[in-house]
Amino acid sequence: MTDTPRAAQATPALSAQYAPGEVEQRRYEQWVADGLFKADSSSDKPPFAIVLPPPNVTGSLHIGHALDHSVQDAVIRRKRMQGYETLWLPGMDHAGIATQNVVERRLAGEGVSRHDLGREAFVERVWQWKAESGGKILGQMTRLGDSVDWSRERFTMDEGLSRAVLTIFKRLFDDGLIYRAERIINWCPRCLTALSDIEVEHSDDEGELVSIRYGDGDDAIVVATTRAETMLGDTAVAVHPDDERYKHLIGTEVELPLTGRRIPIVADAHVDPAFGTGAVKVTPAHDPNDFEIGQRHGLPSLTMMDEHGVITVHGPFLGLDRFEARPAVVAALRAEGRIVAEKRPYVHAVGHCQRCNTTVEPRLSLQWFVRTEPLARAAGDAVRDGRVRVEPPELTKRYFGWVDNMHDWCISRQLWWGHRIPVWYGPNGEVVCVGPDDEAPTGEGWVQDADVLDTWFSSALWPFSTLGWPDETPDLAKFYPTSVLVTGYDILFFWVARMMMFGLYAMGGRQPFDVVMLHGMVRDQYGKKMSKSFGNVVDPLDWIERFGADATRFTLLRGANPGADVPVSEEWVQGARNFANKLWNATRYGLAGGATVEGELPTEGLSTVDRWILSRLQHVIGEVDQQFEAFELAKVCDTLYHFAWDDVCDWYLELTKPVLTGDDAEAKARTRRVLGHVLESLQRLLHPIMPFVTEELWTTLTGRPTVVRAAWPVADKELTDDAAEREVDNLQRVVTEVRRFRADQGVKPAQRVVARLEGLEAAGLAAHEGLIRSLARLDQGGGDFAATAKLAVGVGVTVELDTRGAIDVAAERARLTKDRAAAEKEADQCRAKLGNPAFTGKAPDQVVAKIRQRLEAAEADLARISSQLEAL
RNA sequence: GGGCGCGUAGCUCAGCGGAAGAGCACCCGCCUUACAAGCGGGGGGUCGUUGGUUCGAACCCAACCGUGCCCACCA
């Protein structure tokens with residue numbers, strides 16, 4: 001057998017290029033078949049649990065999910081390797097309004113409305129959709145390589161979670177934290193349901209502010225509004241109590257135009273005298289502020305619009321849509337001479353339905369609410385007192401701003417898809433909340449509330465309902481509180497704050513998770529948001545198919561520091577694909593060169609180069625551990641990328657070629673063992689980021705069954721070696737400088753360059769002359785050696801070269817002159833600093849010492865460069 | 001209207017008090033026996049502007065100019 005590192009001969013097992021498609025599916029199926037992702041709640045190992053933020057069953061996973069999942073998978077895979085009992089629990093969210101809308105749209109394509117089907121049949125259709133869409137999502141997760149425990153998959157509407165919903169609803173109800181009330185809520189006239197505050201998105205829209213005169217003569221009062229049509233529902237005009245202009249009118253009545261009704265003028269401190277005319281029309285049934293004013297003054301609430309936004313008051317406007325009614329009302333007022341100021345454009349914030357973008361209508365209606373004050377305070381305290389850590393910490397301010405100013409949460413939705421509100425109404429006005437173990441009341445006249453709960457109500461239970469709550473299951477005991485919640489900062493409020501509220505409430509004050517890791521949004525290579533209309537959307541499956549799951553994950557994780565948005569592009573995923581291939585080839589080469597993991601790692605007789613790479617490896621392990629603990633996955637990627645590509649591939653593999661092809665069998669054996677160790681350690685370190693290629697390589701290299709449960713590398717201080725690092729660092733500088741010279745001089749690689757190396761001893765490189773010569777392609781100086789260039793390489797080494805007359809003296813002289821100027825400048829700067837008593841007096845000793853060293857180095861460079869210039 | 005953040009190489013970003021960095025892009029030279037999805041070399045930034053603190057500022061402070069996001073019931 002031959003020892004030469006010829007890949008083709010020695011390793012038919014690895015092809016010349018990494019082909020992810022061939023590897024990924026096979027590996028994933030094996031992992032699942034072997035139960036490697038299954039958690040054991042009876043294990044003695046310390047627990048580490050993540051619940052997957054359940055994707056909505058509205059469609060398929062997008063690149064943002066791929067980021068979210070990649071972060072979690074990286075974190076959990078490392079913990080699994082570290083010996084924790086890991087649980088990553090998968091599942092999906094029924095996503096009430098979003099899913100209902102999707103299915104309704106599909107039905108519309110068939111010319112059917114949900115009302116044609118009826119409630120039961122419609123819900124059945126949604127379940128069909130869920131089966132279809134959910135299956136697609138699960139398939140995508142396997143393609144990404146998610147190491148989730150499939151045996152514990154949950155759905156927010158499955159039986160167990162429904163029981164959890166009933167349980168907590170009943171408990172909140174009994175504690176007086178859920179109530180039913182007639183309030184102004186956000187209403188979507190298209191979805192025909194109430195919305196919570198967070199389901200409303202505000203945008204600055206241009207409206208028209210018109211001023212309308214109410215009343216006549218001395219009693220006339222002018223109000224301004226952007227929503228003229230609502231004057232039909234006015235039941236008062238309000239002014240500030242101290243406003244001298246209107247004091248005399250307070251308590252009187254004016255005639256409301258177009259209606260013939262007379263309405264009172266009331267004084268309310270809410271009115272800003274400086275805005276507009278200082279007088280406000282009051283429409284309690286259609287404006288939240290006006291509702292408050294109405295409550296304070298006992299005003300009637302007059303509803304003048306139905307759930308579709310159509311005018312319901314009798315008269316010329318009856319049956320008009322709200323947006324048709326607006327100009328119609330203005331026109332009618334103008335005809336009566338009531339418009340006192342011309343309409344003027346006015347930009348103001350208008351709410352839109354998050355799901356369909358319809359302008360939200362504040363509407364007085366009877367809804368169920370959660371009294372959030374005590375829950376939100378606890379949710380804030382858990383972060384304030386450090387029980388829950390938020391990464392990045394900057395986002396805690398936003399979190400506090402939210403939980404400390406939370407309005408009561410409207411939880412009833414006039415939808416069919418969701419958890420039905422477990423409240424029954426009796427024939428005599430009885431209201432009964434039915435718990436999970438209660439019998440629903442039967443008999444004449446009893447009906448269940450028709451509404452369903454806000455989808456976030458069940459999502460808020462996710463970290464414990466999925467573990468079996470309200471039962472005291474082994475899973476709940478073992479894995480609650482979960483270790484970390486990973487999600488995008490965009491749903492900090494929607495979801496995280498609510499899980500905190502319900503988790504603390506349901507679990508006796510125990511937080512749902514110890515850490516919240518918030519990642520950013522995936523953007524394109526110019527930092528732009530991805531959007532269908534912009535055409536810059538990336539389909540993760542497309543990338544997985546073309547570049548592999550590992551490359552896709554690496555591309556995403558390479559930007560995934562806490563709170564940071566993640567720009568991606570096809571060029572970058574190509575780079576990541578190249579990286580996977582680089583690892584592949586490095587291992588292929590290692591195997592061909594006899595890399596092995598058998599036997600103890602030798603400690604005696606190691607070469608400087610071996611000691612150097614082992615030392616570097618220990619530093620890398622330390623850095624990566626730190627970065628992982630801080631969830632700085634972008635830094636993890638960066639550290640490992642450079643270690644793998646620069647240290648291992650570009651230098652270590654090259655530096656060890658002479659040994660591996662040489663005659664010293666013992667030295668060769670040692671290096672083979674070190675090479676094996678470095679490669680397999682690198683594969684273990686990269687496995688959380690790039691699970692597939694590392695699995696394929698590690699199992700091939702080690703002959704062991706899987707890297708999934710291999711031990712995570714631990715840094716060994718014994719193996720760090722500063723001297724070896726310095727030595728190799730010097731060696732690299734010499735080699736690089738010679739290469740630079742050759743490139744500058746246009747010396748062809750094949751062209752013979754005879755050289756004499758001086759000063760190696762002093763630089764500690766005496767033993768490495770051979771390596772330097774081979775890497776820099778320098779020949780031994782022969783009898784006809786005639787130095788034509790003298791090269792100082794900065795570590796006290798001088799290289800005299802004979803390039804057989806090919807030296808461009810002018811170019812080299814110019815470069816040296818430039819270098820000399822730089823060295824002079826450097827020396828001057830250092831001297832100036834050292835001559836400054838303020839600096840030497842106040843700066844730390846090590847800084848001063850550093851400057852001294854710099855000065856010495858600069859002076860040495862000056863001397864060397866000068867002599868070189870003379871020699872040229 | 002409040003709050004938060006960001007402006008560093010052509011692009012995307014790291015560095016956050018002691019000599020300006022990475023990836024990609026670009027330029028030059030190479031099929032050197034793991035890898036051309038590669039190898040070697042190189043150019044490119046007065047770190048948004050103006051002041052201040054400091055022996056020393058990309059880094060701390062202030063103002064300004066850009067820009068992004070979140071929250072918000074002034075008609």
Side-chain angles (χ1 to χ4, degrees), chain A residues 4-8 11 14 16-18 184 197-198 202 209 223-227 230 238 270-272 274-277 279-283 287-292 346 348-349 351 362 394-395 397-398 401-402 405 407 489-490 492-493 521 523-527 547 558-559 561 563-569 571-572 574-575 577-593 634-635 638 641-642 649-650 653-654 657 661 736 739-744 746-750 775-777 826 829-830 833 836-844 846-848 850-851 854:
Chain A
T4 53
R6 296 289 302 249
T11 57
L14 294 186
Q17 262 188 10
Y18 174 51
I184 293 270
D197 289 346
I198 54 174
H202 294 268
L209 190 65
V223 299
T225 182
T226 53
R227 303 180 59 211
T230 62
H270 167 77
V271 178
D272 176 5
F275 187 90
T277 60
V280 184
K281 59 190 277 306
V282 181
T283 323
D287 182 280
N289 284 316
D290 294 4
F291 181 75
E292 297 289 322
Y346 179 72
H348 61 143
E394 300 90 85
L395 285 173
K397 288 176 205 157
R398 273 192 200 179
W402 172 256
N405 299 293
H407 295 133
Y489 60 65
D490 56 330
L492 181 61
F493 307 132
M521 306 294 111
R523 294 172 178 273
D524 74 8
Q525 61 193 305
Y526 305 109
F547 305 106
R558 198 174 204 180
N561 280 333
D565 284 344
V566 181
V568 300
S569 80
E571 281 166 356
W572 302 349
Q574 277 172 18
R577 184 267 319 262
N578 295 354
F579 180 50
N581 195 47
K582 188 76 179 173
L583 294 170
W584 182 266
N585 276 302
T587 306
R588 196 160 69 99
Y589 164 81
L591 282 164
K635 291 186 184 173
D638 194 58
Y641 181 90
H642 283 112
C649 290
D650 286 350
L653 296 187
E654 297 302 326
K657 274 178 181 171
T661 54
T736 301
R739 284 173 173 169
R740 194 222 91 246
F741 176 83
R742 297 184 60 127
D744 277 2
V747 180
K748 297 288 173 198
L775 289 177
R777 295 170 167 271
E826 166 79 356
Q829 278 176 356
C830 291
K833 275 205 156 183
N836 181 354
F839 170 72
T840 47
K842 292 193 182 182
Q846 54 199 53
V847 174
V848 177
K850 222 167 151 187
I851 301 291
R854 276 172 52 192

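Every chain is numbered from 1, with letters handed out A, B, ... down the list of sequences.
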Give one of base, sugar-phosphate or nothing for A:Arg742, where a contact means two heavy atoms less than 4.0 Å apart. nothing
Distance check, C1' atoms only: B:rU46 and B:rG68, in whole angstrom units. 27 Å
I'd like the C1' distance from B:rC47 over to B:rA20, given in whole Å. 8 Å
Distance check needed: B:rG68 P versus A:Asp490 CG, whole Å only. 19 Å
Counting only N and O atoms by type, is there a donor-acceptor contact under 3.5 Å from the side chain of A:Arg742 to the main-chain atoms of A:Lys748? yes
Within the structure, does a side-chain N or O atom of A:Asn405 lie under 4.0 Å from either OP1 or OP2 of B:rA72? no
Suppose we define a pair by two distances each less than 3.5 Å, Watson-Crick or G-U wobble; what does B:rA75 pair with here? none
By the 4.0 Å heavy-atom rule, please label A:Asp650 as base, sugar-phosphate, or nothing. sugar-phosphate
Which comes earlier along RNA chain B counting from the 5' end, the contact point of A:Gly401 or that of A:Val847, where each point is its nearest nucleotide? A:Val847
Using the P atom on both, measure B:rG1 against B:rG48 and round to a whole Å. 27 Å
note: A:Trp584, atom CH2; B:rA36, atom C1'; distance rounded to Å ~ 19 Å
Any idea which of B:rC55, B:rA37, B:rC4 is nearest the A:Lys397 side chain? B:rC4
With rounding to whole Å, what would you report as the distance between B:rC6 and B:rU12 at their C1' atoms? 14 Å
Checking all strands, does A:Arg739 fall into the base, sugar-phosphate, or nothing category for heavy-atom contacts under 4.0 angstrom? sugar-phosphate
Taking B:rA19, B:rG41, B:rC24 as options, the one with an atom nearest any side-chain atom of A:Lys850 is B:rA19
To the nearest angstrom, how far is A:Asp197 atom CG from B:rC71 atom C1'? 11 Å
Out of B:rG18, B:rG41, B:rC24, minimum distance to the side chain of A:Trp572 belongs to B:rC24
Donor-acceptor pair (no angle test) under 3.5 Å: A:Gln574 side chain, B:rA37 base: no
Is the shortest side-chain N/O distance from A:Lys635 to OP1 or OP2 of B:rG15 below 4.0 Å? yes
Rounding to 0.5 Å, atoms CH2 (A:Trp572) and CZ (A:Arg558) come to a distance of 9.5 Å
B:rA34, B:rA37, B:rC55: which one has an atom nearest the side-chain heavy atoms of A:Glu654? B:rA34
Using atom C1' of each nucleotide, how far apart are B:rG2 and B:rU8 to the nearest Å? 30 Å
Out of curiosity, A:Asp197 CG to A:His202 NE2, how far, rounded to the nearest 0.5 Å? 7.5 Å
Which pair of non-hydrogen atoms, one from A:Ala586 and one from A:Leu653, has the smallest distance, and what is that distance? CB-CD1, 4.0 Å
Looking only at B:rC69, B:rG29, B:rC55, the nucleotide nearest the A:Lys748 side chain is B:rG29
Side chain of A:Ala586 - closest among B:rA34, B:rA22, B:rG41: B:rA34
Out of B:rU54, B:rA72, B:rG23, minimum distance to the side chain of A:Lys842 belongs to B:rU54
Please classify the nucleic acid contact of A:Thr736 as base, sugar-phosphate, or nothing, using heavy-atom distances under 4.0 Å. sugar-phosphate
In whole Å, what is the span from the CG atom of A:Asn585 to the P atom of B:rU33? 14 Å
Base-pairing assignment for B:rC16 (Watson-Crick or G-U wobble, both under 3.5 Å): none
Scanning both residues in full, the closest heavy-atom pair of A:Thr226 with A:Leu209 reads CG2-CD1, 3.8 Å
Is A:Gln829 touching bases, backbone alone, or none of the nucleic acid, heavy atoms closer than 4.0 Å? nothing
Could you state the atom-to-atom distance from CG of A:Leu653 to P of B:rU32 in whole Å? 18 Å
From the set B:rC55, B:rG41, B:rA37, return the single nucleotide nearest to any side-chain atom of A:Ala743. B:rG41
May I ask which nucleotide in the shown strands pairs with B:rG23, Watson-Crick or G-U wobble, both distances under 3.5 Å? B:rC11
Here's a test of your reading of the structure: between A:Arg577 and A:Arg777, which maps to the more 5' nucleotide of RNA chain B? A:Arg777
Spacing of A:Arg740 atom CZ relative to B:rC30 atom C1', expressed in whole Å: 18 Å
Using a cut-off of 4.0 Å on non-hydrogen atoms, how would the nucleic acid contact of A:Cys649 be classed: base, sugar-phosphate, or nothing? base
Please find the pair of heavy atoms, one from A:Lys833 and one from A:Phe839, that lie closest to each other, and give the distance. O-CD2, 3.3 Å
So A:Leu395, base contact, sugar-phosphate only, or nothing? Heavy-atom distance under 4.0 Å. nothing
Between B:rG15 and B:rG5, how far apart are the P atoms? Round to whole Å, please. 15 Å
Separation of B:rA34 atom P from A:Phe579 atom CZ, nearest Å, is 20 Å
Testing B:rA22, B:rA72, B:rA75 for proximity to the side chain of A:Trp402, the answer is B:rA72
Roughly how far, to the nearest 0.5 Å, is the CD atom of A:Gln525 from the CD atom of A:Glu571? 5.5 Å
Roughly how far, to the nearest 0.5 Å, is the CG atom of A:Asn836 from the CD1 atom of A:Ile851? 11.5 Å
Between B:rC35 and B:rG40, how many Å separate the two P atoms, rounded to a whole number? 14 Å
Between atom NZ of A:Lys657 and atom CG of A:Leu775, what is the distance when rounded to the nearest 0.5 Å? 9.5 Å
Indicate, with a heavy-atom threshold strictly under 4.0 Å, whether A:Val282 touches base, sugar-phosphate, or nothing. nothing
Please confirm whether any donor atom in the side chain of A:Lys582 sits under 3.5 Å from an acceptor in the base of B:rC35, or the reverse. yes
A:Gln17 atom CD is separated from B:rA37 atom C1', nearest whole Å, by 6 Å
Write down the partner of B:rU67 under the Watson-Crick or G-U wobble criteria, each distance required to be under 3.5 Å. B:rG5
Under 4.0 angstrom, heavy atoms only, what part of the nucleic acid is A:Pro837 near: base, sugar-phosphate, or nothing? nothing
Distance check, rounded to the nearest 0.5 Å: A:Asp565 atom CG versus A:Tyr489 atom OH? 3.5 Å
B:rA19 versus B:rA58 - spacing of their P atoms, nearest Å: 12 Å
If B:rC47 has a Watson-Crick or G-U wobble mate with both distances under 3.5 Å, name it; if not, just say none. none
Which one, B:rC55, B:rA19, B:rC30, comes nearest to the side chain of A:Glu826? B:rA19
Taking pairing as Watson-Crick or G-U wobble with both contacts under 3.5 Å, can you name the mate of B:rG38, or confirm there isn't one? B:rC30
Does A:Asp272 reach a base, just sugar-phosphate, or nothing at all? Heavy atoms under 4.0 Å. base
